[in-house]
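Below is one structure; the comments refer to it alone.
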Protein chains: 2
Amino acid sequence: MAKTPMYQQIAEDLRAQIETGKIARGSQLPTELELGARYNASRNTIRDAIKRLTGLQLVETRPGQGTFVTINIDPFVTDLTADPKTGFGGGEGATYLSQVSAKHRRPETTSPRVELQIPPTAIGRRLRLAAGVQVVLRHQQRFIDGIPWSLQTSYYPMDFIHRGATRLLTAEDIKEGAVRYLAETISLTQTGYRDWVTARPADDNEQKFFGIGHDAVVFEIFRTAFDQHGNPMRLTVTVFPTDRNQFIVNVGDNLPDPRYEEGPDEST
Amino acid sequence: MAKTPMYQQIAEDLRAQIETGKIARGSQLPTELELGARYNASRNTIRDAIKRLTGLQLVETRPGQGTFVTINIDPFVTDLTADPKTGFGGGEGATYLSQVSAKHRRPETTSPRVELQIPPTAIGRRLRLAAGVQVVLRHQQRFIDGIPWSLQTSYYPMDFIHRGATRLLTAEDIKEGAVRYLAETISLTQTGYRDWVTARPADDNEQKFFGIGHDAVVFEIFRTAFDQHGNPMRLTVTVFPTDRNQFIVNVGDNLPDPRYEEGPDEST
DNA sequence: TAATATTTGTACGTATGTATT
DNA sequence: AAATACATACGTACAAATATT
């Protein structure tokens, strides 16, 4: 009845050894040839087994070096339900920084790359723009403790520029926050936002930037901010690798503090 | 300079043909041997290329039949920020049903499987239980239009049983909702909840139940409900496949209706 | 029902390329 | 420069799943 393929049996055996701690986190596995000798299997079969483990993000292979058990990064937790009228003004950048600081980590953000673009239909639709209308796009890479953490792109209607919010075109951070800047210059107040949380396979750029495997998955969160008239005033699309990011959503009053120790640990 | 491996070039070529519509959604790809002849590559190389495409969820292979371009399921969107004091009482089951009905889909839920258990540390910690304390566990499978949609497990402190909420032990749906039942029997009112959103590779059970590949990823959402004293009264863990589920989070008042057409389409 | 053809899955072997030490 | 270890690519053979005859 042992009809499970050999490579799966080998993968299962290695997985058990890793999860029970027999093979330590961060340590190096035997080489493919050694494993082949141990399990009496060909190197290709061993490679199939290891491929399963990489898919489970249990190990990672490094050409020229070997195969190593992955160490789980302490996940960064982002609160999606920060009050839009308090604190940092609900700017997504500000929320990000405050959350990071709360965990005593060192955040960095690259200067925005600014582009003018006719957006894809999915973007234009969320901003309720007619087809072919340009947008201002501000793209940033974000790191925590030097680790690539997220890729973020914010889209604003071109109209905002004509109405005076010209600093959206400068490739510099808007220190007081884009939301406050827009309130001061063109009297647009953010009264709320909606996040749309999805997950999808990472594309090549994301794989390279985050240093994740070619079968890795990322969160893609679309945050549409609405002004006092109920119209969308900004769309922010942020991509987070799932191996180092989690999110919390608070509903109701008087919730106890979300101690981050409460997070699910991986050793289920 | 063409240092990109052959199998990646082939995968890229096929991907482009699929995304431009040259190969229709749902249609069958040529067999591995035919592709090998077309690209002048060995069957194993073709298989490596196809493995990349399955990782991107662009194609799926069926033994004995062939390889087919995947048809994307119309994603189901769940609102994580339903008001806990209105409507269906904030029961997670109720939220699920109302959301599904809003899309004119047919939901089904299996009768709960009830267990008594000493929970894993991650569960006990979230319910603030001492180590070794038992919980009541209610597990359900959920479908929409016959498609497996989510796996849900709710955990309640055993204490609730002793205080009179004995219907938690019956393997039947609590029609009025567990939240209302607890309010009526042991005077516990849910005043809010916190969702903790994570993503991880699917385990074997989940792969089998959802019919997803062995490198598929699932959302795992931990919902901790709090009572009027600020204590956790229930933990609900729900697993959703990422290929057919999305979530929205509303913050602020007067948000426009989330027309589901606004969802991101896959043809980016 | 049974046999057969087709197609993907598993397993092996070999050779060479590329990255790292 | 040399050794080591994973990555790519080819070949072969048989098993298992599916559809057809």
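This structure is a prediction, so every number in the text was calculated from the model and none was measured. Naming convention: chains lettered A, B, ... in sequence-line order (proteins, then strands); numbering from 1 in each chain.
Atom CD of B/Gln9 and atom P of D/dA7 are 19 Å apart (whole Å). Atom C1' of nucleotide D/dT18 and atom CD of B/Glu32 are separated by 15 Å, given to the nearest angstrom. The NZ atom of B/Lys51 sits 9 Å away from the P atom of C/dG9 (whole-angstrom rounding). Protein atom CG of A/Leu33 is 11 Å distant from nucleotide atom P of D/dT4, rounded to whole Å. Protein atom CD of A/Glu60 is 18 Å distant from nucleotide atom P of C/dA19, rounded to whole Å. Distance CG (B/Asp48) to C1' (D/dC6): 14 Å, rounded to an integer number of Å. If you take CD1 of A/Ile50 and P of D/dT8, they are 14 Å apart, rounded to a whole angstrom. One interatomic measurement links the two molecules: CD1 of A/Ile46 to C1' of D/dT8, which rounds to 18 Å at whole-angstrom precision.
In terms of position on DNA chain C, the residue among B/Thr31 and A/Asn44 whose nearest nucleotide sits closer to the 5' end is B/Thr31.
Around the CD1 atom of B/Ile118, the shell of radius 6.0 Å holds more than 12 heavy atoms that belong to other residues, nucleotides or ligands. Within a 6.0 Å radius of CG in A/Leu116, more than 12 heavy atoms belonging to other residues, nucleotides or ligands are found. The environment of A/Arg38 atom CZ is sparse: at most 12 non-hydrogen atoms of other residues, nucleotides or ligands sit within 6.0 angstrom.
Between atom CZ of residue A/Phe247 and atom CD1 of residue A/Ile221 there is a gap of 3.5 Å, rounded to the nearest 0.5 Å.
Below the 3.5 angstrom threshold, one finds no donor paired with an acceptor across the side chain of A/Arg43 and the base of D/dA5.
Residue B/Gln65 places at least one side-chain N or O under 4.0 Å from the OP1 or OP2 atom of D/dA19. Not one side-chain nitrogen or oxygen of B/Thr45 sits closer than 4.0 Å to the OP1 or OP2 atom of D/dT8. Neither OP1 nor OP2 of D/dA7 sits under 4.0 Å from any side-chain N or O of B/Gln8. When the side-chain nitrogen and oxygen atoms of B/Thr67 are compared with OP1 and OP2 of C/dT7, none of them lie within a distance under 4.0 Å.
Searching all strands for a Watson-Crick or G-U wobble partner of D/dA1 with both distances below 3.5 Å returns nothing.
Using a 4.0 Å heavy-atom cutoff across all strands shown, B/Arg62 reaches sugar-phosphate atoms only and no base atom. B/Ser42 comes within 4.0 angstrom of a nucleotide base, judged by non-hydrogen atoms across all strands. Counting any heavy atom pair closer than 4.0 Å across all strands shown, A/Glu34 reaches no nucleic acid atom.
Residue A/Met6 places its side chain closer to C/dA11 than to any other of C/dA19, D/dA17, C/dA11. Checking C/dT8, D/dC6, C/dA11 against every side-chain atom of A/Pro5, the shortest atom distance belongs to C/dA11.
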Would A/Lys51 and A/Ile46 satisfy side chain to side chain contact (heavy atoms under 4.5 Å, CB included), going step by step from the backbone distance to the final call? CA-CA 9 Å; A/Lys51 235 170 271 174; A/Ile46 297 295; over 6 Å; no
